[in-house]
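Naming convention: chains lettered A, B, ... in sequence-line order (proteins, then strands); numbering from 1 in each chain.
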Amino acid sequence: DTGVSQNPRHKITKRGQNVTFRCDPISEHNRLYWYRQTLGQGPEFLTYFQNEAQLEKSRLLSDRFSAERPKGSFSTLEIQRTEQGDSAMYLCASSVGGLANYGYTFGSGTRLTVV
Amino acid sequence: AQSVTQLDSQVPVFEEAPVELRCNYSSSVSVYLFWYVQYPNQGLQLLLKYLSGSTLVESINGFEAEFNKSQTSFHLRKPSVHISDTAEYFCAVSAPGNQFYFGTGTSLTVIP
């Protein structure tokens, strides 16, 4: 696998339900990032991990959002008690070390629709 | 903090014509600058980046961007566009830290 994999590609859920998305980064990348992209906007940073440590989570949109990367490999993003405003594309990216030298490699995203 | 402004939300251009997608940034510290491209139903792909050195950077598919510190700009240009260049283009800025700030994107449509 040469890319960042995200599953599922699409998720439709009813308001109030919990959803979980998975991201598998490029295997040698130690940093993993989550972004949210709403229609007509650029990606908005949510949180990131270095290995299994979550180094920044203050940008998570509310306490309904949480992310984990338990073994420093794949990561999950969970949204509890979903709201219609959570409908968006959720993007995962990974990088080796400091992002500036390499840029990110993004996955294709998970599109969430809350009905 | 940093921010990015992409001045044009949509840019239609005829095939083989030149194009410029504008990007201005704001930052109180030195920054790194990036352009990403997003094709329909795909993730973002790095197009080119400026870290330091030569202010003119090029991509492998004919795009180039010039970092202008005095004008705080990083405009993307291509002298002759192709149908396959139709996509959403995002400018991003990063300070020596770990997150990007993205612009709102410019939708480039190449008209046959």
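Of the candidates Gln6(A), Glu78(A), Lys11(A), Phe21(A) forms a side chain to side chain contact (heavy atoms under 4.5 Å, CB included) with just one, namely Lys11(A).
Side-chain atoms of Tyr48(A) never come within 3.5 Å of backbone atoms of Ser94(A) as a donor-acceptor pair (strictly under, hydrogens ignored). A donor-acceptor pair under 3.5 Å is formed between the side chain of Tyr36(B) and the backbone N or O of Tyr104(A).
Ranked by heavy-atom pairs under 4.5 Å with chain A, the first of Gln6(B), Gln38(B), Gln45(B) is Gln38(B). Chain B forms the most heavy-atom pairs under 4.5 Å with one residue out of Pro43(A), Gly109(A), Gly42(A), and that residue is Pro43(A).
Proximity to chain B (any heavy atom under 4.5 Å) is restricted, for Gln37(A), to the side chain, taken from C-beta onward. Only the side chain of Arg9(A) comes within less than 4.5 Å of a heavy atom of chain B; its backbone N, CA, C and O stay farther away.
When the side-chain contact (heavy atoms from CB on, under 4.5 Å) test is applied to Ser107(B), the partners found at least two apart in sequence or on another chain are Gln10(B), Glu88(B), Thr109(B).
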